[in-house]
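Worksheet: the structure to be examined is printed underneath.
Reminder, nothing fancy here: chain letters follow the sequence lines and each chain counts from 1. The shown structure was predicted, so the numbers you read here are calculated from the model rather than taken from an experiment. Because only heavy atoms are used, hydrogens play no part in the values below, and waters and symmetry mates are left out as well, while side chains stay in.
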Amino acid sequence: MPDIVPCGSAQRELDAGELLSWFDVHGRDLPWRDAGVSAWQILVSEFMLQQTPVSRVLPIWLEWVARWPTPSATAAAGSADVLRAWGKLGYPRRAKWLHECAVVIAAEHDDVVPDDVATLLALPGIGSYTARAVACFAYRRPVPVVDTNVRRVVARAIDGVAGPGSPAPVRDEAAVAALLPDDDVAPRFSAALMELGALVCTARNPKCGVCPLSSCAWREAGYPASKAPARRVQRYAGTDRQVRGRLLDVLRESDGPVTRAQLDLAWTSDTAQRDRALDSLLVDGLVEQTSQGLFALAGEG
DNA sequence: GTCCTGTTAC
DNA sequence: GTAACGGGAC
């Protein structure tokens, strides 16, 4: 019998055996998937993997968990060193939130990462995806883990459309919950779904020729193109985001506070934009001004 | 919905 | 050159 989704309509199934067999052979050997990796180290990997490909996360994660293996070790580090270790992973607010997470877990949770979705959701920088990923991969809770890869796989294999429609992660969580095997392979099933989306069922140029799924609604419908309007492009060059990156580069490379003049050299083409970027870094708490009027990474010294 | 980075693929 | 990529906070 097909599983019943909350809206009451029958939902197509996905063969867990096919998916898991494929994952056994083709899944990447990523260090945060190894046995014995702690919940905190898995949480760190999930923070880093938000918006950032595995290849860039790997070296930073290895260095990071060796240096700060527990929440309390991370909390004891200054946030400036945490921002430096984050390097050019991007979206440095994540590094700040990760440090704040460590402080809260060390102080309020006995240095133990919470194991339930609701408690995890209350931590800074942890949203629905990360809360579920930690509960599932660190504590083997059979909760649906829905990232953009999973949403795309479900849209195609189950719903027969090219990609997820308007943002409705709650609906996708229900759909994945209905697909989830109810035994202890749920965490491997979720990892395999994400891996299929990352390696085979990719956004562009999906490799349908090597897909392990014998049943796919999108294939059976003849690969209909997306009806959604083309997504807005998110530029980088010339944006405030790039300017913020340049300013942080200067501060990361400096051992201590720098003058405003040194910082100004990081972006000279548009001084109003540079001022706006610096102001936003101060507002975000990533940069602080010293009593002498110098600028430093937050938590320096 | 808008804003946050930086790299890689094309 | 430029487009694609992606969770969370607001």
Side-chain angles (χ1 to χ4, degrees), chain A residues 42-60 83-101 104 117 120-137 144-153 155 162-170 172-173 176 190 193-195 197-207 226 228-252 266-267 273-274 276-287 297-298:
Chain A
I42 289 171
L43 187 152
V44 171
S45 78
E46 293 298 344
F47 260 81
M48 293 181 174
L49 289 164
Q50 295 167 0
Q51 315 292 291
T52 309
V54 164
S55 59
R56 290 176 52 205
V57 166
L58 263 173
I60 308 280
L83 285 167
R84 281 202 182 85
W86 193 259
K88 294 175 84 71
L89 268 188
Y91 297 106
R93 291 190 296 195
R94 291 182 293 164
K96 182 167 187 287
W97 289 330
L98 182 54
H99 187 252
E100 290 168 3
C101 247
V104 173
V117 171
L120 286 161
L121 273 174
L123 296 170
I126 295 193
S128 186
Y129 165 75
T130 307
R132 292 165 175 284
V134 170
C136 176
F137 300 133
V145 181
V146 178
D147 71 347
T148 190
N149 288 312
V150 171
R151 296 191 70 207
R152 190 172 55 251
V153 172
S166 58
V170 174
D172 288 304
E173 277 162 16
V176 174
S190 280
L193 257 192
M194 292 173 55
E195 195 79 335
L199 300 182
V200 174
C201 197
T202 50
R204 279 177 306 170
N205 311 122
K207 300 166 184 65
S226 170
R231 303 187 307 105
R232 273 198 53 224
V233 275
Q234 205 180 25
R235 301 199 168 285
Y236 177 56
T239 62
D240 289 6
R241 306 199 300 287
Q242 185 181 29
V243 183
R244 284 165 55 104
R246 290 283 173 81
L247 293 170
L248 283 180
D249 272 346
V250 172
L251 294 169
R252 271 195 303 262
W267 193 264
Q273 185 181 33
R274 174 232 291 153
R276 186 168 66 237
L278 177 57
D279 188 55
S280 76
L281 288 170
L282 289 162
V283 168
D284 283 350
L286 295 169
V287 174
L297 291 176

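- Side-chain contact between A/Val287 and A/Leu247: absent, with no pair of heavy atoms (C-beta onward) separated by less than 4.5 Å.
- In this structure, the CG atom of A/Asp284 is 17 Å from the P atom of C/dG8, given to the nearest Å.
- Nucleotides C/dG6 and B/dA9 are separated by 16 Å at their C1' atoms, to the nearest Å.
- Looking at residues two or more places apart in sequence or on another chain, you find a side-chain hydrogen bond (donor to acceptor under 3.5 Å, both in side chains) between A/Arg252 and A/Asp249.
- Neither OP1 nor OP2 of C/dG6 sits under 4.0 Å from any side-chain N or O of A/Arg151.
- The side chain of A/Arg93 lies closest to B/dC4 when the candidates are C/dG6, B/dC4, C/dG7.
- A/Thr239 comes within 4.0 angstrom of no nucleic acid atom, judged by non-hydrogen atoms across all strands.
- Using a 4.0 Å heavy-atom criterion, one finds that A/Arg152 contacts the sugar-phosphate atoms exclusively.
- Applying the salt bridge (Lys or Arg N to Asp or Glu O under 4.0 Å) test to residues at least two apart or on different chains, none of the pairs has a partner in residues 46-56 of chain A.
- The side-chain hydrogen bond (donor to acceptor under 3.5 Å, both in side chains) test applied to A/Arg246 returns no partner, not counting sequence neighbours.
- For A/Asn149 and C/dG6, the CG to C1' distance is 9 Å, given to the nearest whole Å.
- Between A/Met194 and A/Val145 the shortest side-chain heavy-atom distance falls below 4.5 Å.
- The residue A/Ile126 sits close only to the backbone: its heavy atoms come under 4.0 Å of sugar-phosphate atoms, none of a base.
- In this entry the distance linking CH2 of A/Trp97 with P of C/dC10 reads 7 Å, nearest Å.
- Whole-Å rounding puts the A/Asp147 CG to C/dC5 C1' distance at 12 Å.
- Applying the side-chain hydrogen bond (donor to acceptor under 3.5 Å, both in side chains) rule to A/Thr52 yields the partners A/Arg94; only residues at least two apart in sequence or on another chain are considered.
- A/Asp279 has its CG atom 15 Å from the C1' atom of B/dC4, to the nearest Å.
- Spacing between atom CG of A/Asp240 and atom P of B/dC3 amounts to 9 Å, rounded to whole angstrom units.
- Atom CG of A/Leu43 and atom C1' of C/dG7 are 13 Å apart (whole Å).
- Across all strands, A/Ala237 comes closer than 4.0 Å to no nucleic acid atom at all (heavy-atom distances).
- A/Arg132 meets the salt bridge (Lys or Arg N to Asp or Glu O under 4.0 Å) test with A/Glu173; sequence neighbours excluded.
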Close N or O pairs between protein and nucleotides 6-10 of chain B (under 3.5 Å):
unit_1 : atom_1 : unit_2   : atom_2 : d
B/dG6  : OP2    : A/Tyr236 : OH     : 3.0

